[in-house]
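Note sheet for the following structure.
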Amino acid sequence: MRIPIIAGNWKMNKNVDEALEFVNQLKNEVNETDVEVVLCCPFIALSEVKKAIEGTKVKLGAQNMHWEESGAYTGEISADMLLNIGVDYVIIGHSERRQYFNETDEIVNLKVKKAVAKGIKPILCIGETLEERESNQTFEVVKTQTVKALEGITEEDLKNIVIAYEPIWAIGTGKTASSQDANAVIANIREVVKELYNETVSEVVRIQYGGSVKSANATEIMNESDIDGALVGGASLEAKEFLGIVHF
Ligand code: PGA
């Protein structure tokens with residue numbers, strides 16, 4: 001049984017006050033749900049949000065971290081710093097990081113390894129560009145990204161990793177992959193995990209879909225057999241809309 005996981009990725013949105021206002025609107029509305037709810041906040045809001053969600057079912061996520069222990073990396077945040085706040089999850093390899101900050105598969109792999117070594121659960125993002133999709137390279141691209149990101153990751157560690165399949169052309173564009181298409185790619189990622197490890201772990205690992213998920217399409221997406229949750233950008237900024245997804 002894979003527990004569904006809905007994670008909000010606020011990206012570079014919300015100051016501390018806005019983050020707390022959101023949490024206040026959300027926290028008592030998720031007590032009854034069996035869905036795991038994660039808020040991936042900007043670094044500056046993590047501490048305060050951590051305090052605000054105490055005693056609720058909401059989990060805390062960061063949007064990035066560095067792979068080194070500590071040192072002269074101006075502007076970066078380490079795994080230990082996140083742990084000290086009490087972060088549960090960290091998004092790694094989001095396509096915006098890959099695109100705008102030159103994160104390679106190798107860097108993504110270093111970050112995934114560091115996060116699991118520290119006991120922070122990575123939400124590992126993979127996905128193809130429109131060009132790659134149109135030239136029928138989707139399966140190949142997500143396979144390569146999966147294999148490279150998981151290099152050196154043990155079966156035990158894999159159980160703590162959430163994979164987020166996010167076709168880049170569907171992020172923030174209002175275009176979603178059809179739920180069947182998303183399911184097909186996600187089933188394929190599960191196949192890759194099975195080839196890399198074994199069937200048991202491939203049935204355990206949770207794989208989300210991300211890309212213009214909103215309350216209006218969440219049910220259809222979540223009803224697909226292999227989709228275990230959603231990574232939500234735009235629609236996670238407003239509590240009512242995000243709750244609509246959580247209660248799909
Ligand atoms: P979106 O973003 O829901 O705004 O498309 C998803 C994401 O980037 O994680």
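Counting convention: from 1, in listed order, for ligands and their atoms alike. Computed from a predicted structure; not experimentally measured.
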| field | Residue list, salt bridge (Lys or Arg N to Asp or Glu O under 4.0 Å) with K11, at least two apart or on another chain | value | E96
| Does the pair E68/K111 count as a salt bridge with the N-to-O cut at 4.0 Å? | no
| task | Before accepting this row, confirm whether a basic side-chain N of the pair E54/K51 lies closer than 4.0 Å to the acidic partner's carboxylate O. | result | no
| message | Under the rule for salt bridge (Lys or Arg N to Asp or Glu O under 4.0 Å), what residues qualify as partners of R190, not counting sequence neighbours? | response | D226, D228
| request: Non-hydrogen atoms closer than 4.0 Å to ligand 1: which protein residues do they belong to? List them by chain and number, please. | output: N9, K11, H94, E166, A170, I171, G172, G211, S212, L231, V232, G233, G234
| message | Using every non-hydrogen atom in the two residues, find where V108 and E103 come nearest and quote the distance to one decimal. | response | CG2-OE1, 4.1 Å
| message | The criterion is ring-ring contact (aromatic ring centres under 6.0 Å, His included); which residues satisfy it with W67, sequence neighbours excluded? | response | none
